[in-house]
Amino acid sequence: MSPRQQVEINVPNEPFPKDPFALLRKSGAWMAPPLTAVLRRYSLLPHLRSLRFPFHRLLLSTSNSLSDQSDFEVDHPIASAPGDDSELSSFLHRLSSAASAASSPKEALSLLLSSSDPDPPPSSPSLLVRALWELRRDPDAAALALRYGDRCGSVDGAEGDEPPPPQVEAWHLVIWTAGKARRFDLAWAVVRRMRCRGVLTRRAMVILMERYAAANEVSKAIKTFDVMEKFKVESDQSVFYCLLRALCKSKNIEDAEELLLLRKKFFPLTAEGFNIILDGWCNVITDVAEAKRVWRGMSNYCITPDGRSYTLMVSCFSKTGNLFDTLRVYDEMKKRGWTPGIAVYNSLVYVLTKENCMKDAHNIFSKLIDEGLHPDVETYNSMILPLCESCQLDEARMMMERMIIEGIVPAISTYHAFLKQEGIEESLKLLRRMEEDGCGPTSDTFLMLFENFFLLNEAGNALRVWNEMKRYDISPTRSHYMTVVQGLVKHGCIPRALEYYDEMKENGFASDTQLDKEFKAFLLANRDHWRGAGKYNIIPQRGKHFIRRSHMR
């Protein structure tokens, strides 16, 4: 028996129950308080922002780190899938009404199945998938929608006692949703249901591995791979490489490398496998020493680097500003017969610009065009970003205008490079230009601006940006509030900081222990200055400006 077969994962052995929510009832996850605030915060549908769904408050993920990304994101085709919004709205309303009237998922499902609502259940596979996308931050609501669609049959004209199962994208989306919220019990329940329905795919297991890796559950990610054979799903080398990529993406690169070497009897070592580890050290965590070690390790195992290997090393040396080694590896790549791609030239442009070798950087620009390659937004960013970092804004603007003339739309990172260096008036203009180009501004854009202006001791401009954020329909998160509050405290604007801190808590965000102590100490030290009617009113009376700002959230 192979080591992969000897490892066991804690997956219940009993068959998938007729009620897929049994685990929820056991764990007490089905809770009565409404989910109104959460649905408002995430704005499930633009035209439903004013509606208040009386859905149950369910367990949500609190992790929004970069490593918590996957292949289902805002730019996924599901997010922009066309469809009838009124039909989707009606379906979500039915789910909300059933959940608000039920005390358990099973009862909610019964209400949906016995409903006399004239509107039919999800009448097409795409409608169910779109509904699940809107519920992607609510794993239990997504599970209810999936089970409803599975029981009713999400295909027009479905007949018979056992309707066809929903399309695989629906199952995948619910597994991903549950995994992001770290509801792995629910994710495994969906996997078992897929097996019972005969639609279990390798992608479903890969998504589960990715979610375990993102949650830093390395051993469980590996065990999920090992248990695939138990679920009669093939676990070949391509799936193994998916596991390695997931581990590297979540910065568990050492674990991925160890696993690669431990499983070499079952999955022979290849340049592709080592490239996954190299990508982790070169791009996820830029560590030149570790990248060099892996490069030497390839030679020790008689693995010849390929074009991808050289591209990764060029990128790594470029990011650290190591011009000599970047050019050395580039020359070696060409001598070995590998043709540099656009990524290699982008790295060369970046390191040459960073080292102020502008003539050589422009020569590389011309060279890649001569070789039939087309500069992309990353090519121009490779010159714009280091120019902005060195405050050569005029040269950076010239490159940006050249890019636009060539028909290439700037990316968010392009504008962020300028925003880090510009003053308030120019920043406001750039925000409007970002909106016109359809690339922002985003929540991170404003967070970056807050940090920049407070760092420059320009608290007033930071608050101007706060007001500007509302014009772009971006709701402040806890990170926004904390950055503004801490910035105001640092600059001695305690009463104003208290105002924003109070608003943050009113919006349902958790308080901060250290700030609570600082504000309490300030109140006690200054109580005589705000004495009135037997109370210490350190927070200024909420005038019309504060009320108006609260209503504009």
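Hydrogens, waters and symmetry mates are skipped; everything else that's a heavy atom, side chains included, is used. Sequence positions, counted from 1, serve as the residue numbers for this chain.
The shortest side-chain heavy-atom distance between L278 and R308 does not fall under the 4.5 Å cut-off. K319 is listed as a side-chain neighbour of S315, based on a closest heavy-atom distance under 4.5 Å. The closest side-chain heavy-atom distance from E406 to P375 is not below 4.5 Å. Between L259 and L243, the closest side-chain pair of non-hydrogen atoms falls below 4.5 Å. Using a 4.5 Å heavy-atom cutoff, the side chains of P165 and W171 are in contact. With a 4.5 Å cut-off on side-chain heavy atoms, V409 and V377 do not count as touching. Between L327 and L348 there is a side-chain heavy-atom pair separated by less than 4.5 Å. Here the side chains of T326 and F324 are not in contact, with every heavy-atom distance at 4.5 Å or above.
Cation-pi geometry between R136 and W133 is met: the NZ or CZ atom falls under 6.0 Å from the ring centre, inside 45° of the normal.
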Does the side chain to side chain contact (heavy atoms under 4.5 Å, CB included) test come out yes or no for T311 and M333, once each step is laid out?
-> CA-CA 8 Å; T311 299; M333 179 182 187; 3.8 Å; yes

Tell me, with the steps shown, if E257 and L244 meet side chain to side chain contact (heavy atoms under 4.5 Å, CB included).
-> CA-CA 8 Å; E257 183 178 349; L244 296 181; over 6 Å; no

Intermediate values then yes/no, side chain to side chain contact (heavy atoms under 4.5 Å, CB included), M205 and I175 = CA-CA 9 Å; M205 302 300 287; I175 293 172; over 6 Å; no

Might you work through the side-chain hydrogen bond (donor to acceptor under 3.5 Å, both in side chains) test for Y241 and T270, ending with a clear yes or no?
-> CA-CA 11 Å; Y241 284 166; T270 63; 2.6 Å; yes

Derivation and outcome, salt bridge (Lys or Arg N to Asp or Glu O under 4.0 Å), residues D140 and R183 = CA-CA 9 Å; D140 292 306; R183 292 292 311 282; 2.8 Å; yes

Run the side-chain hydrogen bond (donor to acceptor under 3.5 Å, both in side chains) check on T442 and D444 step by step: do they pass?
-> CA-CA 5 Å; T442 65; D444 290 337; 4.9 Å; no

Before giving the answer on salt bridge (Lys or Arg N to Asp or Glu O under 4.0 Å), spell out for K367 and D370 the whole-Å C-alpha distance, their side-chain angles and the decisive distance to 0.1 Å.
-> CA-CA 5 Å; K367 182 178 177 61; D370 293 339; over 6 Å; no

Salt bridge (Lys or Arg N to Asp or Glu O under 4.0 Å) assessment of R130 paired with E134 | CA-CA 6 Å; R130 290 175 62 221; E134 300 301 336; over 6 Å; no

Step by step, would you call D279 with C248 a side chain to side chain contact (heavy atoms under 4.5 Å, CB included)?
-> CA-CA 8 Å; D279 185 45; C248 289; over 6 Å; no

Worked verdict on H480 versus T477 for side-chain hydrogen bond (donor to acceptor under 3.5 Å, both in side chains) = CA-CA 5 Å; H480 292 107; T477 65; 2.9 Å; yes

Salt bridge (Lys or Arg N to Asp or Glu O under 4.0 Å) between R182 and E217, worked out | CA-CA 10 Å; R182 303 194 181 190; E217 297 278 4; over 6 Å; no

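With rounding to the nearest 0.5 Å, the separation of NZ in K223 from CE in M209 is 15.0 Å. Remark: I276 CD1 to K249 NZ distance equals 13.0 Å, nearest 0.5 Å. One distance of note links CD1 of I285 with CD1 of I253; it measures 4.0 Å at 0.5 Å rounding. Residue E272 holds its CD atom at 7.0 Å from CD of Q237, rounded to the nearest 0.5 Å. Taken from OG1 in T224 to CD in E210, the straight-line distance is 11.5 Å, to the nearest 0.5 Å. Interatomic distance, CG of D376 versus CG of N346, reported as 5.0 Å (0.5 Å rounding).
By the 6.0 Å contact criterion, CD on E254 is open, its count of non-hydrogen atoms from other residues, nucleotides or ligands being 12 or less. Taking a 6.0 Å sphere around CZ of R336, one finds it holds 12 or fewer heavy atoms contributed by other residues, nucleotides or ligands. The environment of NZ in K420 is sparse: at most 12 heavy-atom neighbours from other residues, nucleotides or ligands sit within 6.0 Å.
Of all the heavy atoms in T445 and M434, the pair that sits closest is OG1-CE, 4.0 Å. Of all heavy-atom pairs between N283 and T286, the closest is O-OG1, 4.4 Å. Counting all heavy atoms, side chain and backbone alike, L95 lies closest to L112 at CD2-CD1, 3.6 Å. Heavy-atom minimum distance, D306 versus A271: OD2-CB, 3.8 Å. P139 and T177 get closest at one heavy-atom pair: CA-CG2, 3.6 Å. Here the closest heavy-atom approach between residue P340 and residue Y330 is recorded as CG-CE1, 3.7 Å.
Between F184 and Y212, the angle of the ring planes stays under 30°, which puts this pair in the parallel group of the 30/60° scheme. In this pair, Y310 and W295 present their aromatic rings perpendicular. The plane angle is above 60°, beyond the 30 to 60° band.
Remark: the backbone N or O of S347 is paired with a side-chain donor or acceptor of S318 at under 3.5 angstrom. Between the side chain of S96 and the backbone N or O of L92, no donor-acceptor pair lies under 3.5 Å. Remark: side-chain polar atoms of N252 are not paired, donor with acceptor, to backbone N or O of D255 under 3.5 angstrom. In this structure a side-chain-to-backbone donor-acceptor pair under 3.5 Å is present from T483 to S479. Between the side chain of S250 and the main chain of A213, a donor-acceptor pair closer than 3.5 Å is present.
Less than 6.0 angstrom separates the ring centroid of W188 from the ring centroid of F231.
Using a cutoff of 4.0 Å between basic side-chain nitrogens and carboxylate oxygens, R293 and E290 are scored as salt-bridged. Using a cutoff of 4.0 Å between basic side-chain nitrogens and carboxylate oxygens, R147 and D150 are scored as salt-bridged.
F365 pairs in a ring-ring contact (aromatic ring centres under 6.0 Å, His included) with only one of the listed residues (Y345, Y380, Y350), which is Y380.
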